[in-house]
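First comes the structure, then the notes that go with it.
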Amino acid sequence: MEKKNIDWSSLGFGYHKTDYRFVANYTNGAWDEGALITDDMITMSECAGVLQYAQTVFEGLKAYTTEDGRIVTFRPDLNGERLESSAARLEIPVFPKERFVDAVTRLVKANEAYVPPYGSGATLYIRPFMFGINPVIGVKPADDYQFRIFCTPVGPYFKGGAKPITIRISDVDRAAPHGTGDIKAGLNYAMSIHNIMDAHRKGFDENLYLDPQTRTKIEETGGANIIFISKDQKTLVTPKSNSILPSITRRSLLYVAEHYLGMKAEEREIYLDEVKDFAEAGLCGTAAVISPVGKIVDHGKEICFPSGMDEMGPVTKKLYDTLTGIQMGRIEAPQGWIHPIC
Ligand SMILES: *Cc1c(COP(=O)(O)O)cnc(C)c1O
């Protein structure tokens, strides 16, 4: 397979059109077979449900080349499962997870020439999404939907290695206690855009959201879950809440901490007050795997982690190296984590 003539090392995290996308349509109460197509444009009514009432959910995962030259994806069954629950919550007809994994597999295979080579730091980012496509003006679910997956080669999330970031405690809330914080829906992101721009203008990299009900507990940032490492380096602690997105990276890190690094892994409520007692912190998600957090600013009060602002903390680094080692085929993976494409 001849690769496309792309300078993999200079790719950023942006959209770069590839040859194929997978599209399935839901009409007359059923999903059609779906197909790989070349047309990257979507034509729909100006009154489409997605445009009027944001009836859309999405996923994000990656394909990459392992050390021994295979192309694989990481736990796509969990993305399929999560998309099922996101869709159900917005009254979008479920696209079965088995079909999801099959569609991802076919899409990546068709776009094999765009999968970055091992060692380039680049990956193929895969974006599945589904949305209401027919006209909807009274508030109700659409009748017709499209499920689409495109992919785009992306560069390493952090060029020149992961530098610790500074995040601020947000005054704005992300998701209500019994709201939609636990599904991957564009509506959760729309509200975050103004707040992230405001954070950037004030010199912060990200917003850390608190639980809206009591504003005393840590939730997550706009697009990543958060993990903490205890002072004795023996425990990974991560917030438990119904209003955070169940990150596949975070769930994998809990497993890695326990089963590969001999640590304890705790999911529990974490109070803002106790954050100063942790040794390290990191944001986790598919895009960056882990971004180390050096500092949390709570309205002028700085919480500086002992790991500092120069490099990842030692335990975070071990977690990062182990999980990326598993993903890249350098370390043996737990059963079912690596999904071979070709
Ligand atoms: C996608 C997402 C994450 C990260 O989830 P992964 O499955 O690890 O990629 C975390 N928080 C939010 C709000 C997200 O949308």
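FYI, side chains are in, hydrogens and waters are out, and symmetry mates aren't considered; it's all heavy atoms of this structure. Note that ligands are numbered from 1 as they come in the structure, with each ligand's atoms numbered from 1 the same way.
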Nearest atoms (heavy-atom pairs only) where Cys284 meets Ile227
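Between these two residues, the closest heavy atoms are SG-CG2, 4.0 Å.
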Once you round to the nearest 0.5 Å, how far does CD1 of Ile326 lie from CZ of Arg75?
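Taking CD1 in Ile326 and CZ in Arg75, the distance rounds to 9.5 Å.
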Residue that, paired with Lys4, satisfies side chain to side chain donor-acceptor pair (under 3.5 Å) out of Thr18, Asn111, Asp19
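Passing option: Asp19.
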Salt-bridge criterion met for Glu219 and Arg174 (N-O under 4.0 Å):
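Salt bridge flag = no for Arg174 with Glu219.
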Just list the N/O pairs, ligand 1 to protein, that are under 3.5 Å apart, with the distance for each.
| residue | atom | partner | partner atom | Å |
| --- | --- | --- | --- | --- |
| ligand 1 | 7 (O) | Arg82 | NH1 | 2.8 |
| ligand 1 | 7 (O) | Arg82 | NH2 | 3.1 |
| ligand 1 | 7 (O) | Ile248 | N | 2.8 |
| ligand 1 | 8 (O) | Ser247 | OG | 2.6 |
| ligand 1 | 8 (O) | Ile248 | N | 3.3 |
| ligand 1 | 8 (O) | Thr249 | N | 3.0 |
| ligand 1 | 8 (O) | Thr249 | OG1 | 2.6 |
| ligand 1 | 9 (O) | Thr286 | N | 2.9 |
| ligand 1 | 9 (O) | Thr286 | OG1 | 2.6 |
| ligand 1 | 11 (N) | Glu220 | OE1 | 2.7 |
| ligand 1 | 11 (N) | Ala224 | N | 3.4 |
| ligand 1 | 15 (O) | Lys184 | NZ | 2.7 |
| ligand 1 | 15 (O) | Tyr189 | OH | 2.5 |

Flag for Thr316-Glu280: side-chain donor and acceptor within less than 3.5 Å
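Yes, Thr316 and Glu280 have a side-chain donor paired with an acceptor closer than 3.5 Å.
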Quick one: sort the Phe278 and Phe228 rings into parallel, tilted or perpendicular, breaks at 30° and 60°.
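Geometry flag for Phe228 against Phe278: parallel rings.
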